[in-house]
*Asks:* 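Pasting a structure below so you can have a look.
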Amino acid sequence: SSSCANFVFSPSLYLDEKGQLVIQGYGETSVSVNDFQANLVKSSVFKEINLEFATKRRVFNMDVTDFKIISQLIKSRTSQ
């Protein structure tokens with residue numbers, strides 16, 4: 001069995017007007033998007049991670065999963 005790393009490419013990363021982190025991009029497969037989301041969940045930096053959508057698309061002759069994730073950033077304990 002071959003172990004091939006699936007890619008996730010995020011061309012869009014910004015804070016919206018509510019201060020939420022918005023990540024939009026493409027994953028090689030829906031599994032790679034799920035793995036990416038799971039890693040965000042495990043992180044101590046993010047909370048309330050919501051997958052808004054994950055849709056299969058064809059981009060530049062490749063099948064990819066287009067996704068959008070919205071998350072809250074956990075504020076540092078030292079900041080007021």
Side-chain angles (χ1 to χ4, degrees):
S1 90
S2 73
S3 79
C4 178
N6 294 326
F7 73 86
V8 169
F9 174 63
S10 178
S12 179
L13 181 70
Y14 61 92
L15 291 175
D16 68 10
E17 66 281 353
K18 298 176 191 169
Q20 300 178 113
L21 180 67
V22 179
I23 304 168
Q24 285 185 264
Y26 303 101
E28 184 177 17
T29 64
S30 57
V31 172
S32 62
V33 173
N34 291 340
D35 289 347
F36 180 65
Q37 183 182 14
N39 285 330
L40 293 176
V41 169
K42 289 182 215 168
S43 169
S44 61
V45 178
F46 307 101
K47 67 177 179 178
E48 297 178 32
I49 296 139
N50 298 306
L51 181 64
E52 294 288 299
F53 64 80
T55 307
K56 289 203 177 289
R57 299 197 189 286
R58 194 150 182 85
V59 177
F60 299 119
N61 213 24
M62 291 174 34
D63 291 322
V64 296
T65 300
D66 182 19
F67 70 90
K68 179 178 182 180
I69 293 173
I70 296 178
S71 174
Q72 297 287 334
L73 293 173
I74 295 176
K75 296 193 174 26
S76 168
R77 292 181 203 181
T78 58
S79 67
Q80 290 291 332

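Residue numbers start at 1 and run along the sequence shown.
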*Asks:* Using a 4.5 Å cut-off between side-chain heavy atoms of Ile, Leu, Val, Met, Phe, Trp and Tyr, which other residues end up in the same hydrophobic cluster as I70?
*Replies:* Y14, V22

*Asks:* If Ile, Leu, Val, Met, Phe, Trp and Tyr residues are connected whenever their side-chain heavy atoms lie under 4.5 Å apart, and connections chain through other members, are L73 and I69 in the same group?
*Replies:* yes

*Asks:* Identify all side-chain donor-acceptor contacts of residues 36-50 below 3.5 Å with residues at least two apart in sequence or on another chain.
*Replies:*
{"residue": "N39", "atom": "ND2", "partner": "D35", "partner atom": "O", "Å": "3.3"}
{"residue": "S43", "atom": "OG", "partner": "V45", "partner atom": "N", "Å": "3.0"}
{"residue": "N50", "atom": "ND2", "partner": "E48", "partner atom": "O", "Å": "3.4"}

*Asks:* Applying the 4.5 Å side-chain criterion to the ILVMFWY set and letting contacts propagate, would M62 and F9 be lumped into a single cluster?
*Replies:* yes

*Asks:* Report yes or no: do F53 and Y26 belong to one cluster of Ile/Leu/Val/Met/Phe/Trp/Tyr joined by side chain heavy-atom distances under 4.5 Å?
*Replies:* no

*Asks:* Name all residues meeting the side-chain contact (heavy atoms from CB on, under 4.5 Å) criterion together with S32; count only those two or more places apart in sequence or in a different chain, and write none if there are none.
*Replies:* N6, V8, E28, T29

*Asks:* Give a yes or no on whether V64 and V33 share a hydrophobic cluster (residues Ile, Leu, Val, Met, Phe, Trp, Tyr; joining criterion: side-chain heavy atoms under 4.5 Å apart).
*Replies:* no

*Asks:* Rounded at 0.5 Å granularity, tell me how far CG in L51 sits from OG in S71.
*Replies:* 12.0 Å

*Asks:* Sequence neighbours excluded, which residues qualify as side-chain contact (heavy atoms from CB on, under 4.5 Å) partners of K18?
*Replies:* D16, Q20

*Asks:* Side chain to side chain donor-acceptor pair (under 3.5 Å): which pairs involve residues 59-70, sequence neighbours left out?
*Replies:* R57-D66, R58-N61, R58-D63

